[in-house]
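Residue numbers begin at 1 in each chain, while the letters A, B, ... track the order of the sequences.
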Amino acid sequence: MTDLSTQDAPFAGSGSSLMRRRNRRQVMLQGLGLAAISFAALMLFVLIASLVSTGYKAFIQTHITVEVFVDPEEISVEKLPRGGFRDVLLASLQKEFPDVEGRAELRSLQNIFSNGAQFQLRDMVSADQSLIGQTVTLRAPVSDPFDQLAKGLVKRETPEQLRRVSDREIDWFDTLDAAGKISQPVNWGLITNADSRFPELAGLKGALVGSFWALLVCFLISFPLGIGAAIYLEEFAPKNRWSDLIEVNINNLAAVPSVVFGLLALAVFIGWFGMPRSAPIVGGMTLALMTMPTIIIATRAALKAVPPSIREAALGVGASRHQVVFGHVLPLAMPGILTGTIIGLAQALGETAPLLLIGMNAFITSAPTSPFDSATALPTQIFIWADSPERGFVSRTSAAILVLLTFLITMNAVAIYLRSKFERKW
Amino acid sequence: MYDTPTLERTVDSNTVKFSARDVHVFYGETEAIKGVDIDILDNTVTAFIGPSGCGKSTFLRCLNRMNDTIDICRVTGKILLDGADIYDKHIDPVQLRAKVGMVFQKPNPFPKSIYDNVAYGPRIHGLARTKADLDVIVEKSLRRAALWTEAKDRLNEPGTGLSGGQQQRLCIARAVATAPEVLLMDEPCSALDPIATAQVEELIDELRQEYSVVIVTHSMQQAARVSQKTAFFHLGDLVEFGETGQIFTNPRDPRTESYITGRIG
Amino acid sequence: MTTAAFLCLFVLAVAGYVWNRQAASAIRADGTRLHSLEGFHGFYSLLTVLVPVIVLILLWLVFQGPAVDSILKAGLADRLAGLGTGEVQLILAEIKSISRGAVFGTPEQWKFDAAERYLALNARADQLLLVLVLALSLTLVVLSRRKVAAEFRARHGVERIISGLMIFCSVVAIFVTVGIIASLLFETARFFAKVPVTEFLFGTNWEPQIPLREDQVAAAGAFGWLPVMLGTLVITVIALFVAVPVGLMSAIYLNEFAPKRLRAVAKPFLEILAGVPTVVYGFFAILVVAPAMRSFFAAIGVDVSPNIALAAGSVMGIMLIPFISSFADDALSAVPQSLRDGALGLGATRAEMMTTVLFPAAIPGIVGGILLAVSRAIGETMIVVMAAGLIAKMTINPLDSVTTVTVQIVTLLIGDTSFDNPKTLAAFALGMMLFIVTLVINIFALRIVRKYREAYD
């Protein structure tokens, strides 16, 4: 009808070359987008797969079962808990391999046992002194090289000089295995032992307890402080420069690098206040400072989502503003607040850098009994193990990460469940 | 251009542009349009009126398949544009929309310059071979939208800086620039003040010379002022369709009469 | 002992609550109309007791340790005279461990005496706290009981206390910022007393050793932060090269093109990626990415450093993908539907709508998100601590090993507590720079994001 409409843009069919080009561009953009998503997914997959493939082996532990004669000549009631437990253990192996002689040979035979085996025997005998003079069955972890051998991580086809176990040692091990003395039960030690220099004995108990105390302290501080601040800012604060300043300040705090919080804690809590180093209480306080902004922001969002009509209704029947907020608004906002808090705590659980600065990466072989004792936390334990040269710690590290991720995913799942269960549309 | 004489209310075309037969629209389970038959003429302003939620906007959005962008929306029946079924699977909605332009309730200029706003359609559809061609199209479209005199000195300023009425005329210019054959207008004046409304209404009458215009409106006065034909929708039904004069003075359906006289709405 | 103090406090506070409440009920029973409900009279007493006494206990707990230490030191003044702070700390630690019953070796008798005194002092302090808590709580209970009267506005009192508590909570956030700035400034000032500011800011050498002996000249150390900053930039740029394209493209795809079901799966997927702690990414870098890159470059015959910057940087990029993607997704979603309709109504394809209208309109929000990602990359610690190098070099070669500000902070401070040598203090100076840089970026980014949100609200 007009000169403009005479252009070649037929509305039916996509035959024109221009249209083909336009459609191709659309397909290309979609392809790029899909590629980007797939890349992210692939990375997550590789991450999880590499952790699982290296980590699952730490959930089982190779054990050796031996008949030990608790020789009264080596071990006597009077000297307990000291005694020749090492020698007794060696004697039990010597029975299996009578042809082994010489100090060096014997020492390498002894090395099949984990260093923890003698203490295991000691604790058994200390608990029941009547065992002295008897023969007891002991199932103890083997040392790391043999554990690796059993799990196939040390390859038999590797030339002997490049291997951590000699051909001779492999023979011993195979003989024991053929005799049914080698077993691979679930490695409960991973959860029930504290840290150790020996991979086969190292466990997460100390880290788990340390993380628990730190998170508890973090929660006890950040939850009330965060909610109090959020309620004040959202419901009571006059709109002026002060509240603006506080608001900008909180938003910025949420983006301050975590290592800076570590510096703060190191200088103020430990340096100025003289609080104990490496203690979960300090860790928890540091994490609380970092979690507080998250909780404030989440709480304010939850409070904002409560419609003003509810406030007006309550004010209308003569309730004071405090009664409105604490009686009506806060309970309605609680699911949102809890969701935000759990997500904040999950972040705190995975936080590492500030804990390193306050010394929660110490090597501690017993679980803390109070938040004032020195301890590690799960993420710092991962860092320590990742730094350890022993091969056995690679799979321990992956396993520890899997444990940490399990906690995080559980916490997030709870948060998502809470959100979907109590979410209301107004 | 503002001294246009009293608008004619007669239909001076008999070419059917759109022809809809038994059109149903579903949003999930709910049926928003319940079998509409209508013929929309070329060079005519057709007004869709009716109370809110009656389906008039929904039906309008069927005419250029804007409903495709809503996931749960499903359209059945036949809508023919110049005899071709626009819901045929060989039809590309992108090209359909180039032919059937649309102006929305709220002015929605892109956050670009006035020039780029108007040039947007011609650029993506490849309507201009050179910069000079494009300049011609932009000027022509802005003139047609009665915005040229106000905008010619500020073509490089952002379109969002214009006043509400100017923004809406810019959106009309933008729609006109793609050389459509039909212009759909979804309550184009509802966000405008009375003076801007008057300007846009005059413009609509101008546009009738070259396009078939379909306008959804809330205001019966507006329908009476600008349209030659009026369709009254109620609860998803097309209740009555006829010459505007007849609908407003002598409605045949009691529901139309109730609406016109203000008893439902 | 603290437990006992808390126990006393709670018992007294609850008693005060009941007492006031009953007193108010008694007045009401007489037929007088109370201004506030009985419960408020009770809460008034509860809060009047709890708040000040808990503050007392907390202050006590914080200052008891340092106070006992200084009394102990004063008592040993003649023994400790002429010793450095480090040695004094060691002796104190030994005395404390003796007092806990852990005796190593054969300490001198005066140390046993000191340990004895240490225990006595602590016991005295604990008793004093208990007495103070009891006295203060009782006084407050009695005082608030005497306020109970028909016209007493207990509700207003309670609300005032609660408001005060809430204001305190909000101000804590300010305290934290002030604390950060104060501690950084204080330690940085001490650092600049030992190392000139100009050397730190403009020096191109970073070798933070300290002389072991006073006369050791050769290893005096150099504290120029430029190579460290450069390394941080290298890693950040690598991270952005990975994260920005992937993050933006996935946001565009999820926002406009993804089928509903894919979106429903991909979103939580990205959230998982965002929730993975950085120490895990660090381990991922040393376990998988760095070896893979090393063998790749070895295969094509390029010699690379073992702590290749590319590995740390790209793993950091993976960490930032969900961050950028969710910011961009939000920014795109914030563009009003009317602009989408406008573009589609003109016959734009969805790709054209995205690239010519939505994306340009969302750019301010996206830029804000990318800036926040930059600040995150600069401040990110664990990935680089585990996967980047320790030696500072003036290089921008991504195949070389570089170090970052955060790596230096952590390595300088791990296992070293004394605050009086330039090596540890340098960490605080670096922390100061880190804080300033990220703060500026954050303020700028948050402002852009806020402006952008307001523009479309």
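Here Val94(B) is the residue among Asp68(B), Asn64(B), Val94(B), Asp116(B) with the most heavy-atom pairs under 4.5 Å with chain C. Among the candidates Lys106(B), Lys112(B), Arg65(B), the residue making the largest number of heavy-atom pairs closer than 4.5 Å to chain C is Lys112(B).
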TODO: Might you work through the side-chain contact (heavy atoms from CB on, under 4.5 Å) test for Gln105(B) and Asp341(C), ending with a clear yes or no?
DONE: CA-CA 11 Å; Gln105(B) 190 165 2; Asp341(C) 284 349; over 6 Å; no
- [ ] Evaluate the criterion side-chain contact (heavy atoms from CB on, under 4.5 Å) for residue pair Phe110(B) and Thr356(C); output intermediate values, then yes/no.
- [x] CA-CA 9 Å; Phe110(B) 300 139; Thr356(C) 59; over 6 Å; no
Task: Trace of the side-chain contact (heavy atoms from CB on, under 4.5 Å) decision for Met66(B) with Leu344(C) - done: CA-CA 8 Å; Met66(B) 278 301 279; Leu344(C) 290 179; 4.0 Å; yes
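One distance of note links CD of Gln337(C) with OG1 of Thr69(B); it measures 6.5 Å at 0.5 Å rounding. The CG atom of Asn108(B) sits 13.0 Å away from the CZ atom of Arg340(C) when rounded to the nearest 0.5 Å. Glu352(C) CD to Arg123(B) CZ: the interatomic distance, rounded to the nearest 0.5 Å, is 12.5 Å.
In terms of modelled atom types and a separation under 3.5 Å, the side chain of His125(B) and the main chain of Ala348(C) share no donor-acceptor contact.
Only the backbone of Val100(B) comes within contact range of chain C, with at least one heavy atom under 4.5 Å from a heavy atom of that chain. Interface remark: Pro109(B) contributes backbone atoms only to the contact with chain C (heavy atom separation under 4.5 Å).
Within 6.0 Å of CZ on Phe241(C) lie no more than 12 heavy atoms contributed by other residues, nucleotides or ligands. Atom CZ of Phe26(B) sits in a crowded spot, with more than 12 heavy atoms from other residues, nucleotides or ligands closer than 6.0 Å. For Ile396(C), the CD1 atom is loosely surrounded, since the number of other residues' heavy atoms within 6.0 Å does not exceed 12. Within a 6.0 Å sphere centred on CZ of Arg154(B), heavy atoms belonging to other residues, nucleotides or ligands number more than 12.
Between Tyr120(B) and Ala343(C), the shortest heavy-atom distance links the atoms OH-CB, 4.0 Å.
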